S.K.: 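Questions regarding the structure given below will be posed in turn.
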Amino acid sequence: MSRPGSMRWKVPSALLSAALALTLTGPVPAWAEPPAVTAAADAAQLAGRTETYRETRPVAPGVELSTVELYGPDAADGQEGWLQTYQLSVDLTSGVRIDRIFPGKVAQRRPLTEMAKEAGAVAAVNADYFDINGSGAPWGVAVQDGEVLQSPLPNSKATQTKKTAVMFSEDQLGAIGEIVFEGTVNLPGGKTVPLNALNKAELLKDQVGMFTPVWGTYCRCRPVSNVSQTIEVVVRDGVVTEKVTVPREGAIPEGTFVLVGREAGATALSSLRVGDPVSVDYRVRAPGDMKVRAAMSGRQLLVENGQPLQLSAENNTPEPRTAVGFNADGTKMWVVAVDGRQPEYSRGIGLNELAQMMVDLGAHTALNLDGGGSTTFVAREPGEQDAELVNRPSDAAGVRPVPTGLGIFYPGGSGRVTGFRVSTETERKRFPGPDAGASWRTERVFPGLTRRLKADAYDETYGPAVMPRKAGPLWEVADGQIGRVDDEGVFRAVAPGRTTVTARLGDATGNIEMTVLGELARLETGPRRLNLPQKGAKGTFDVNGVDAAGYAAPIDPADVTLSYDTSALTVTPDATGSFTVTARASSGEHVVTMTAGGVRTALVVGIGTAQEVVDSFDDTSNWRVWTMRATGTVSSTPSGRAANGLRLDYDFTQSTETRGIGIWPIVNRFPVAGKPTAFKLWVKSEGYNQRTRLEVFDKNGILHTIEPAFITEPGWQQITYKVPSGIAYPITLRRVYFNEIRPHMRYTGTLILDELTAVVAN
């Protein structure tokens, strides 16, 4: 993979074992030794960790993204592992514009990928913490394009310190500090009442809050749940039109605002009558009287006056993280995302180590934004119009919907070609780790084999450019003894070594460094067997090659000859260079033979599955109850689907946060034989729309959470939990459980479980 102005190198270190070095790169022949490289000024080197990969590419003028992979011990627990980080540096004087992005309503969430695309951001990250189990509204301040959409503090959940707003001035200078909200409700007769909050999901005792049309439709009762004395006053065109004692849900019309009060705040509004004139005044104040154009909140301050802060132990578990920081005069910004909760890919990082990373980058002040499953980073590639997902979010659903993000914008360019981003047609995202395989190293080729290249044109802003009609770049190779390239951009390897391939159109150029490995010694397909459960089912595999020195690289489908029973299978290549297998038969074992460069390998494809009983629940001796913010019991019942079943009685009335009921194996981990592709469980419920999950450990001790659906219908139904593809067998079952995630749903109930089976290939 190559980028204009990119840097990519391996940093040798005695901290990495020879085995790890072999996994990452293989032994290094003399012709393949990377040149000595001085680390960039922005390089963030964490103590004890070794940088194993770095790539830097432009996103827009003054905006660069570095993807940095590290390996080594965690600063808090000492456990060694991978760390995948994304470090964006932004020159705020380069013509960029920073603003907040959101779905259009405060109490609404959408994936950051969608919001960034619609807003036209060249890069974006998730921002504020939010009311995840309720309205979805951010806990902190929201200023967008100079308009105050949400007030900041006070509330009980937004922050651990008051200095948690990231803000940008009208001249695009950045700062982190405290934003203060000041508001007044003007009542008849010259009376006034303090306005404490604007479009907030929480009100403190005796407060008054205001809701505007931008709030959305979520119930305005959320800020006053479990409060006995409340009021809602609707004001349209400056006049009271309605007054009720219990706040309601629904859209607020334009020209209208709603006041909600509790305790003393409700008393202060209770004298209002329909027809009374009411108005509000409010503003925000920022440090140094900054005229704030954009602002959003985070939680913990990480860096102050150039010094990393030390935070408590609970803040230093390895988690996915998002952070933002600035230099001393606010002219340069760094945005960092760190993937986590994926041990084979990236464990995550604690806040103390994240603070040190921000200091190493150059931050004088830095702030922790929402992390965990919310951590999402998008950025555009040179030549592309839209920002695409860069990181690998840990949320089970993929990209978690969030209420807000920090967006980076750059004006559109001329559309004239000034350069090319050259890549391989089958370029893929890189997943590090000991089981990463070869599939991402598409810039490597074996002698006699090929790699298809492409050149995406970009203009002076690194945005998309339009090629002249009927024109294409001319392709050149620096060393014809190592490889050749034809007019269509197909590189054919000749002899081991490195060479540069260039795409050229007038003065516009772009290049990629291609490595020709040693002669192909063997072929691999990853798993030697692919299980397809029934006729019509699909699966995928790659064909990778390895030379005698241990170097690996993917084989282009154009170089692979396939042999298989076409009456039982269909095998087709896809755009990423993988192959898709479709079952045409209903059962049986079939072999796909692959040949490339005179070397052969085979893949066994099994069609058809059987269900093997994990537990019939005839008794409950294998299980104990698990609860979260709830109470519950487990017992045997004769009212199972076939015979006896396992009964779970629960009480979800004790909290408004996420509650749960489920079962643990008595032996902690319940062994499961074979290589199941799914689990099936019969569940009888009242249809309360509870979320169901099943957890398994793989052979490496990595926990996988499988979340298939919500149980929406009463009565018996069979739930299917699909095991993630590529999981390392054997696996053990950790627990099965059910969650209520809606804060207003408080009830007691019963679930009956029966016939837990594993779907295993024949």
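Please read all numbers here as calculations on a predicted model, not as lab measurements.
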S.K.: Just jot down the side chain to side chain donor-acceptor pair (under 3.5 Å) partners of Thr637, sequence neighbours excluded, or say none.
M.R.: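 With sequence neighbours excluded, Thr637 shows a side chain to side chain donor-acceptor pair (under 3.5 Å) to no residue whatsoever.
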
S.K.: Using every non-hydrogen atom in the two residues, find where Gln87 and Thr85 come nearest and quote the distance to one decimal.
M.R.: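 Scanning both residues completely, I find the closest heavy atoms to be NE2-OG1, 3.2 Å.
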
S.K.: Please check if atom CD in Glu249 has more than 12 non-hydrogen atoms from other residues, nucleotides or ligands closer than 6.0 Å.
M.R.: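 Incorrect, the count does not exceed 12.
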
S.K.: Indicate yes or no for a side-chain donor-acceptor contact from Glu232 to the backbone of Val244 under 3.5 Å, with no hydrogens or angles considered.
M.R.: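 Checked: no pair found.
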
S.K.: Taking the side chain as every heavy atom from C-beta outward, state whether Arg734 and Val696 have any pair of such atoms under 4.5 Å apart.
M.R.: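 Sidechains of Val696 and Arg734: no contact.
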
S.K.: Return yes if some donor-acceptor pair links the side-chain N/O of Asn199 with the main-chain N/O of Leu149 below 3.5 Å, else return no.
M.R.: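 Indeed, once roles are kept as given, a pair shorter than 3.5 Å links the two residues.
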
S.K.: Taking all non-hydrogen atoms of both residues, which atom of Pro393 and which atom of Val399 are closest, and how far apart?
M.R.: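 What the structure gives for the nearest pair is CG-CG2, 4.3 Å.
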
S.K.: Taking side chain as C-beta onward, heavy atoms only, is Leu309 less than 4.5 Å from Val303?
M.R.: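 Of all side-chain heavy-atom pairs linking Val303 with Leu309, none is under 4.5 Å.
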
S.K.: For the residue pair Arg392 and Tyr345, would you count it as a cation-pi contact if the rule is NZ or CZ under 6.0 angstrom from the ring centre and within 45 degrees of the ring axis?
M.R.: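 Yes, a cation-pi geometry.
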
S.K.: Should Asn133 and Thr658 be marked as a side-chain hydrogen bond (donor to acceptor under 3.5 Å, both in side chains) after you check the CA-CA gap, both sets of side-chain angles, and the distance that decides it?
M.R.: CA-CA 7 Å; Asn133 291 321; Thr658 299; 2.9 Å; yes

S.K.: Any chance NZ of Lys117 has more than 12 other-residue heavy atoms, nucleotides or ligands included, within less than 6.0 Å?
M.R.: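 No.
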
S.K.: Under the salt bridge (Lys or Arg N to Asp or Glu O under 4.0 Å) definition, can you give me all pairs with a residue in residues 742-751, not counting sequence neighbours?
M.R.: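 Salt bridge (Lys or Arg N to Asp or Glu O under 4.0 Å) check on residues 742-751 returns Glu740-Arg742.
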
S.K.: Test Leu756 against every option in Val672, Leu646, Val614, Ile719 by the side-chain contact (heavy atoms from CB on, under 4.5 Å) rule and name the one that passes.
M.R.: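 Testing each of Val672, Leu646, Val614, Ile719 against Leu756, the sole residue satisfying side-chain contact (heavy atoms from CB on, under 4.5 Å) is Val614.
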
S.K.: Using ring-ring contact (aromatic ring centres under 6.0 Å, His included) as the criterion, list what pairs up with Tyr650, not counting sequence neighbours.
M.R.: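 With neighbours one apart ignored, the set is Phe652.
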
S.K.: Let's go through Glu657 and Ser655 carefully: what are the C-alpha distance in whole Å and the side-chain angles of both, what is the deciding distance for side-chain hydrogen bond (donor to acceptor under 3.5 Å, both in side chains) to 0.1 Å, and is it a yes or a no?
M.R.: CA-CA 5 Å; Glu657 297 187 61; Ser655 175; 4.8 Å; no

S.K.: Can you run down the salt bridge (Lys or Arg N to Asp or Glu O under 4.0 Å) pairs that involve residues 645-656, sequence neighbours left out, and say none if there aren't any?
M.R.: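 Passing the test, one end in residues 645-656: Arg647-Asp649.
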
S.K.: What I'd like to find out is whether the side chain of Glu182 reaches to under 4.5 Å of the side chain of Arg285, using heavy atoms alone.
M.R.: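 Of all side-chain heavy-atom pairs linking Arg285 with Glu182, at least one is under 4.5 Å.
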
S.K.: Can a donor-acceptor pair be found, under 3.5 Å and without considering hydrogens, that links the side chain of Asn644 to the backbone of Phe617?
M.R.: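 A pair under 3.5 Å: no.
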
S.K.: So, using side-chain contact (heavy atoms from CB on, under 4.5 Å) as the criterion, who are the partners of Glu713 when residues are at least two apart?
M.R.: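 Gln717.
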
S.K.: Who are the side-chain contact (heavy atoms from CB on, under 4.5 Å) partners of Arg341, not counting sequence neighbours?
M.R.: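 Partners of Arg341 under the side-chain contact (heavy atoms from CB on, under 4.5 Å) test: Glu319, Pro320, Ser394.
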
S.K.: For the side chain of Arg109 and the backbone of Pro401, is there at least one donor-acceptor N/O pair under 3.5 Å apart?
M.R.: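 Side chain of Arg109 to backbone of Pro401, a donor-acceptor pair under 3.5 Å: yes, one is there.
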
S.K.: Mind checking what makes side-chain contact (heavy atoms from CB on, under 4.5 Å) contact with Asp395, not counting sequence neighbours?
M.R.: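 Partners of Asp395 by the side-chain contact (heavy atoms from CB on, under 4.5 Å) criterion, ordered by chain and then number, come out as Ala397, Arg400.
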
S.K.: Answer yes or no: are there more than 12 heavy-atom neighbours, outside Lys684 itself, under 6.0 Å from its atom NZ?
M.R.: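 No, the 6.0 Å shell around NZ holds no more than 12 heavy atoms from other groups.
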
S.K.: With heavy-atom distances below 4.5 Å as the criterion, would you say the side chains of Trp664 and Val736 are in contact?
M.R.: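 No, too far: nothing below the 4.5 Å cut-off.
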
S.K.: Looking only at atom types and distance, does a side-chain atom of Lys200 sit under 3.5 Å from a main-chain N or O of Gly140, one as donor and one as acceptor?
M.R.: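 Judged by distance alone, yes, a pair lies under 3.5 Å.
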
S.K.: Do you know the tightest heavy-atom contact between Ser270 and Lys243?
M.R.: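 Smallest interatomic distance, heavy atoms only, reads O-NZ, 2.8 Å.
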
S.K.: Looking at Asp370 and Asp128, what are the two nearest heavy atoms and their distance?
M.R.: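 Looking at all heavy atoms of both residues, the closest pair is CB-O, 3.6 Å.
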
S.K.: Is any side-chain heavy atom of Phe102 closer than 4.5 Å to one of Gln144?
M.R.: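 Side-chain contact under 4.5 Å: yes.
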
S.K.: Do Val141 and Val143 have side chains that approach each other closer than 4.5 Å (heavy atoms only, starting at C-beta)?
M.R.: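 Val141 reaches Val143 side chain to side chain.
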
S.K.: Nearest heavy-atom pair of Leu406 and Val324: which atoms, and what distance?
M.R.: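 Closest pair (atom of Leu406, atom of Val324, distance): CD1-CG2, 4.2 Å.
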
S.K.: Using ring-ring contact (aromatic ring centres under 6.0 Å, His included) as the criterion, list what pairs up with Phe670, not counting sequence neighbours.
M.R.: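 ring-ring contact (aromatic ring centres under 6.0 Å, His included) list for Phe670, sorted by chain: Trp623.
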
S.K.: Does Tyr129 form a ring pair (Phe, Tyr, Trp, His ring centres under 6.0 Å) with Trp139? I'd like the steps, not just the answer.
M.R.: CA-CA 6 Å; Tyr129 288 76; Trp139 288 123; 9.9 Å; no

S.K.: Are the side chains of Leu681 and Leu753 in contact, using a 4.5 Å heavy-atom criterion?
M.R.: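 In contact.
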
S.K.: What is the minimum heavy-atom distance between Pro676 and Ile731, and which atoms define it?
M.R.: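 Result for this residue pair: CG-CD1, 3.7 Å.
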
S.K.: Please test Glu707 against Thr692 for side-chain hydrogen bond (donor to acceptor under 3.5 Å, both in side chains), starting from the C-alpha separation and ending with a verdict.
M.R.: CA-CA 6 Å; Glu707 181 183 316; Thr692 178; over 6 Å; no

S.K.: Glu755: which residues meet the side-chain contact (heavy atoms from CB on, under 4.5 Å) condition with it, sequence neighbours left out?
M.R.: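 Partners of Glu755 by the side-chain contact (heavy atoms from CB on, under 4.5 Å) criterion, ordered by chain and then number, come out as Arg641, Ala642, Trp682.
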
S.K.: Does anything in residues 200-221 form a ring-ring contact (aromatic ring centres under 6.0 Å, His included)? List the pairs, not counting sequence neighbours.
M.R.: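 Of all non-adjacent pairs touching residues 200-221, those that pass ring-ring contact (aromatic ring centres under 6.0 Å, His included) are Phe211-Trp215.
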
S.K.: Under the rule for side chain to side chain donor-acceptor pair (under 3.5 Å), what residues qualify as partners of Glu178, not counting sequence neighbours?
M.R.: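 Side chain to side chain donor-acceptor pair (under 3.5 Å) list for Glu178, sorted by chain: empty.
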
S.K.: For Phe697, what residues pass the ring-ring contact (aromatic ring centres under 6.0 Å, His included) criterion, not counting sequence neighbours?
M.R.: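 With sequence neighbours excluded, Phe697 shows a ring-ring contact (aromatic ring centres under 6.0 Å, His included) to no residue whatsoever.
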
